[in-house]
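Let me begin by presenting the structure, written as structure tokens, before commenting on it.
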Amino acid sequence: MDRQPKALGPLERQVLEILWDHGPLTVRQVIDQLPTDPAYTTIATVLTNLKRKRYVRSQREGSSTRYVPVTSRADHDAAVMGGVLAASRDRSATILRFADSMSAEDLDLLREHLRTQGGER
């Protein structure tokens, strides 16, 4: 996603997490993965909202409709982080504060990525 993702409600995020974890699912299959037993119409509405927000697309398979995430979890989360940076009044300070809050393991991962991408000189 190139744009700032639209905000997700808690149930929308939970349903999207299920789709990321399990791949294309029907409304009933999503309900079966939830820890509660929401009404079928509730989850159907959530999936319709996710489709309207362009988080999922639907695909017909016979008499069933499966919902498929449009982007990966990592791409979505990166877009959210990018949106925070874009909205920041002081991008440099925001990046540096975020880097200061990262664990040593995350910093090592970032350094390795930058090194392999030619970002460190």
Side-chain angles (χ1 to χ4, degrees):
M1 289 183 163
D2 298 338
R3 59 183 167 64
Q4 171 66 18
K6 295 189 186 315
L8 290 172
L11 187 54
E12 290 175 326
R13 178 70 190 209
Q14 190 175 23
V15 167
L16 195 52
E17 291 282 350
I18 288 169
L19 293 173
W20 281 326
D21 288 344
H22 300 281
L25 297 174
T26 64
V27 173
R28 176 59 51 206
Q29 290 169 326
V30 169
I31 291 168
D32 291 344
Q33 295 297 321
L34 288 165
T36 59
D37 191 24
Y40 184 96
T41 54
T42 299
I43 300 308
T45 300
V46 166
L47 287 163
T48 298
N49 290 341
L50 288 171
K51 186 176 175 182
R52 181 181 45 80
K53 292 179 178 183
R54 298 187 179 136
Y55 282 105
V56 302
R57 63 179 170 79
S58 58
Q59 62 185 37
R60 294 287 296 169
E61 290 184 10
S63 62
S64 297
T65 301
R66 292 187 183 276
Y67 293 88
V68 183
V70 171
T71 188
S72 71
R73 179 184 283 122
D75 286 343
H76 168 75
D77 292 346
V80 169
M81 294 167 68
V84 169
L85 283 176
S88 176
R89 297 185 99 191
D90 188 347
R91 188 178 178 98
S92 296
T94 301
I95 290 171
L96 294 175
R97 286 289 172 118
F98 181 68
D100 286 345
S101 72
M102 293 172 71
S103 69
E105 294 81 15
D106 288 344
L107 285 170
D108 288 343
L109 177 68
L110 182 58
R111 282 186 194 100
E112 179 61 19
H113 177 74
L114 292 172
R115 187 187 65 73
T116 62
Q117 297 301 309
E120 277 188 16
R121 299 175 209 274

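For the numbers below, each heavy atom of this structure counts, side chains included, while hydrogens, waters and symmetry mates do not.
Across all non-hydrogen atoms, the minimal contact from S58 to T65 is CB-CG2, 3.6 Å. Closest heavy-atom contact between Q29 and P24: OE1-O, 4.3 Å. For the pair D75 and S72, the tightest heavy-atom approach, listed with the atom from each and the gap, is N-OG, 3.0 Å.
Here I95 sits in one hydrophobic cluster together with L85; the rule is ILVMFWY side chains under 4.5 Å apart, joined directly or through other members.
Residues T94 and R91 fail the side-chain proximity criterion, which asks for heavy atoms closer than 4.5 Å. Residues R54 and T71 fail the side-chain proximity criterion, which asks for heavy atoms closer than 4.5 Å. With contacts defined as side-chain heavy-atom distances shorter than 4.5 Å, the pair L8/L50 qualifies.
Looking at residues two or more places apart in sequence or on another chain, you find no side-chain contact (heavy atoms from CB on, under 4.5 Å) involving R97. Partners of D106 according to the side-chain contact (heavy atoms from CB on, under 4.5 Å) rule, which considers only residues two or more places apart in sequence or in another chain, are M102, S103. For L96, there are no side-chain contact (heavy atoms from CB on, under 4.5 Å) partners at least two apart in sequence or on another chain. Under the side-chain contact (heavy atoms from CB on, under 4.5 Å) criterion, V84 pairs with no residue at all, not counting sequence neighbours.
Following chains of ILVMFWY side-chain contacts shorter than 4.5 Å, one can reach L34 starting from Y67, so the two form part of one hydrophobic cluster. Following chains of ILVMFWY side-chain contacts shorter than 4.5 Å, one cannot reach V70 starting from V80, and the two form parts of different hydrophobic clusters. Hydrophobic clustering of Ile, Leu, Val, Met, Phe, Trp and Tyr side chains at less than 4.5 Å, counting indirect connections, keeps L109 apart from L114.
Remark: D37 CG is loosely packed, at most 12 non-hydrogen atoms of other residues, nucleotides or ligands lying under 6.0 Å away.
Atom CG of residue D32 and atom CG of residue L25 lie 9.5 Å apart, to the nearest 0.5 angstrom. Atom CD1 of I43 and atom CZ of R28 lie 10.0 Å apart (nearest 0.5 Å). To the nearest 0.5 Å, atoms OG1 (T42) and OH (Y40) are separated by 12.0 Å.
Between E12 and the choices K53, R52, K6, K51, the salt bridge (Lys or Arg N to Asp or Glu O under 4.0 Å) rule is met once, by K53. For the side-chain contact (heavy atoms from CB on, under 4.5 Å) with L11, the lone residue among L16, T36, V46, N49 that qualifies is V46.
The stretch residues 12-37 participates, sequence neighbours left out, in these ring-ring contact (aromatic ring centres under 6.0 Å, His included) pairs: W20-H76.
Side-chain contact, T26 with R66: no donor N or O sits under 3.5 Å from an acceptor N or O.
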